[in-house]
Amino acid sequence: MRAVSGLLAGILDIDKRPVAPVPCPACGVDMGWRPFQGGWLPNEYCRCVEPPPPGVEELLGMCGVPLYYVKKRLADLIDHNGPLRKVVVYCEGSLLLYGLPGTGKTHIVAGLLRRELENNRVDERRAMFVVVPDMLAEIREGIRDSTMERRIQRITSIPLLILDDLGAEKPSDFARETLYRIINHRYNNHLRTWITSNMALDKGLEAHLGLRLCSRLSEMCTVIFTGSKDWRKCMRSGGSASVDVEVS
Ligand SMILES: Nc1ncnc2c1ncn2[C@@H]1O[C@H](COP(=O)(O)OP(=O)(O)OP(=O)(O)O)[C@@H](O)[C@H]1O
Ligand SMILES: [Mg+2]
Ligand SMILES: [Zn+2]
């Protein structure tokens, strides 16, 4: 198609929109014209071959949100008013959601990111969702081909970083040091970071990651407790929707 339009551009007077339509080689429909330097040039591509713009679920996937959670919306959460009110108010900054398994932490951050994308407050190149143990394994992979620093750099500098399951990684010097570097950089540069964890800052995370890292988290994040109701068990048993939610 480029060849077709290039050829036409050569023979057309671009000061005037030509009367003769330029048919798409694929579907035969007029491809239309675009303004160019005060004149007109034939479009190089037809709508029939242009891929449709990605929908929000595709964008969430591009950010790294797992398939299960790209479907999740904040509006699907039942009886989660306490934590929700807080995340919606404070999500312009950093968040630390903690609570027992199945209490909606990952659902909430995926739903929040969906909202940000839908409202064009962030785009898929400026937001990243990672599961902490997977992220550390991926960074470690970089040792082999000397890309570790580049991988860390990409994660530290993304404008919106979601760290899912902090504390689920196996404790090691490598894990502690890498997480310290990432979080310290984000703290120093006021970069928005949403974190989920099964551990409270003072009960678990401090012992797991060290005082220096947790001190930074406690200052930069709004800390939100998501409760102790395991919705996975509740959904399996077709249980009632009464949720045990507290807000710290
Ligand atoms: N308040 C709620 N109302 C309806 N469904 C919920 C609610 N909270 C969680 N769920 C659902 O329960 C399941 C588990 O939620 P989610 O994965 O977000 O939990 P989590 O807190 O991240 O757990 P984990 O600590 O194990 O990672 C998901 O399918 C989610 O959609
Ligand atoms: Mg989770
Ligand atoms: Zn066409």
Side-chain angles (χ1 to χ4, degrees), residues 1-5 8 21-34 42-52 57 60 63-88 91 95-115 128-136 161-170 193-201 203-205 208 221 223-248:
M1 257 175 291
R2 253 176 214 288
V4 173
S5 67
L8 285 168
V22 181
C24 159
C27 69
V29 167
D30 179 11
M31 290 201 292
W33 304 88
R34 64 193 155 92
N43 280 329
E44 298 189 2
Y45 297 101
C46 172
R47 281 179 183 279
C48 81
V49 293
E50 270 173 20
E57 291 183 7
L60 284 162
C63 295
V65 175
L67 192 60
Y68 184 60
Y69 292 96
V70 302
K71 304 272 176 211
K72 304 287 184 186
R73 296 159 191 270
L74 294 179
D76 301 334
L77 290 159
I78 302 163
D79 283 356
H80 234 7
N81 294 337
L84 269 184
R85 234 180 297 125
K86 266 196 149 181
V87 293
V88 167
C91 67
L95 303 170
L96 170 60
L97 304 182
Y98 76 98
L100 289 179
T103 54
K105 300 178 293 296
T106 307
H107 182 140
I108 291 175
V109 287
L112 267 184
L113 179 55
R114 168 188 269 265
R115 219 177 64 128
M128 187 193 288
F129 176 109
V130 291
V131 181
V132 172
D134 296 346
M135 173 194 78
L136 291 170
L161 177 65
I162 300 175
L163 292 171
D164 196 30
D165 276 340
L166 181 66
E169 69 286 347
K170 216 162 98 187
T193 311
W194 298 340
I195 300 170
T196 78
S197 181
N198 287 139
M199 296 177 187
L201 261 179
K203 293 188 208 108
L205 280 181
H208 198 75
C221 296
V223 179
I224 299 165
F225 181 54
T226 54
S228 50
K229 176 89 170 181
D230 186 342
W231 274 85
R232 295 193 185 98
K233 285 185 187 158
C234 181
M235 288 186 302
R236 274 182 70 118
S237 59
S240 79
S242 129
V243 189
D244 167 17
V245 170
E246 292 170 39
V247 178
S248 68

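Atoms within a ligand are numbered from 1 in the order they appear, just like the ligands themselves. Since the model is a prediction, treat every value here as computed from it, not as a measurement.
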ask   = Once you round to the nearest 0.5 Å, how far does NE2 of H208 lie from CG of L166?
value = 7.0 Å

remark   = Tightest non-hydrogen contact, residues P83 and I108, listed as CB-CD1, 4.5 Å

task = Identify, by atom number and element, the atoms of ligand 1 in contact range of D165, meaning under 4.0 Å from any of its heavy atoms.
result = 27 (O)

remark   = Of all heavy-atom pairs linking L100 and K105, the shortest is O-NZ, 2.9 Å

request  = Work out which heavy atom in A26 is nearest to a heavy atom in V49; give both atom names and the distance.
outcome  = CB-CG1, 4.2 Å

query = Which of the atoms of ligand 1 are close to K72, meaning less than 4.0 Å from one of its heavy atoms?
reply = 28 (C), 29 (O), 30 (C), 31 (O)

request  = Give the numbers and elements of all ligand 1 atoms closer than 4.0 Å to a heavy atom of N198.
outcome  = 25 (O)

note = Taking only non-hydrogen atoms of Y68 and a 4.0 Å limit, the atoms of ligand 1 in range are 28 (C), 29 (O)

query = At a 4.0 Å cut-off, with the gap strictly under it, does some heavy atom of G102 reach an atom of ligand 1?
reply = yes

message = Is there a polar contact, in the sense of an N or O pair closer than 3.5 Å, between G104 and ligand 1?
response = yes

Heavy-atom side-chain contact between V223 and Y98 under 4.5 Å = yes

inquiry  = side-chain contact (heavy atoms from CB on, under 4.5 Å), that's the test. Do L113 and C63 meet it? Break it down for me.
reply    = CA-CA 9 Å; L113 179 55; C63 295; 4.0 Å; yes

key: Any donor-acceptor N/O pair, W231 side chain to G104 backbone, under 3.5 Å   = no

request  = For residues D230 and G102, report the shortest heavy-atom separation together with the two atoms involved.
outcome  = OD1-CA, 3.4 Å

query = Hey, does the side chain of N43 reach the backbone of Y45 with a donor-acceptor pair shorter than 3.5 angstrom?
reply = no

note = Among R73, K233, K71, H107, closest by heavy atom to atom 30 (C) of ligand 1 is H107

ask   = Taking all atoms of both residues into account, what is the closest heavy-atom pair of K229 and T103, and its distance?
value = O-CG2, 3.2 Å

task = Check whether any side-chain heavy atom of T193 sits under 4.5 Å from a side-chain heavy atom of C221, and report yes or no.
result = no

ask   = Can you tell if the side chain of K72 reaches within under 4.5 Å of the side chain of R114, non-hydrogen atoms only?
value = no

request  = Could you go through the side-chain contact (heavy atoms from CB on, under 4.5 Å) check for L163 and V130 one step at a time?
outcome  = CA-CA 5 Å; L163 292 171; V130 291; 3.6 Å; yes

inquiry  = Quick check for you: to the nearest 0.5 Å, what is the distance between T226 atom OG1 and H107 atom NE2?
reply    = 12.0 Å

query = Can you list the ligand 1 atoms lying under 4.0 Å from a non-hydrogen atom of M235?
reply = 11 (C), 12 (O), 13 (C), 29 (O)

ask   = Taking all non-hydrogen atoms of both residues, which atom of T106 and which atom of F129 are closest, and how far apart?
value = CG2-CZ, 3.9 Å

note = Sorted by chain and number, protein N/O/S atoms nearer to the Mg ion (ligand 2) than 2.8 Å are T106 OG1

query = Heavy atom of T196 under 4.0 Å from ligand 1?
reply = no

Numbering as shown, the atoms of ligand 1 that approach D76 to under 4.0 Å (heavy-atom distance) = 4 (C)

task = Under 4.0 Å from a heavy atom of I78: give me the atoms of ligand 1 that qualify, with their elements.
result = 1 (N), 2 (C), 3 (N), 4 (C)

inquiry  = Yes or no: does T103 have any heavy atom under 4.0 Å from an atom of ligand 1?
reply    = yes

key: Ligand-residue contact atoms, ligand 1 with Y69, heavy atoms, under 4.0 Å   = 16 (P), 17 (O), 18 (O)

query = Yes or no on side-chain contact (heavy atoms from CB on, under 4.5 Å) for T196 and D165, after CA distance, side-chain angles and deciding distance?
reply = CA-CA 5 Å; T196 78; D165 276 340; 4.3 Å; yes

request  = Using 2.8 Å as the cut-off, count the protein N, O or S atoms closer than that to the Zn ion (ligand 3).
outcome  = 4

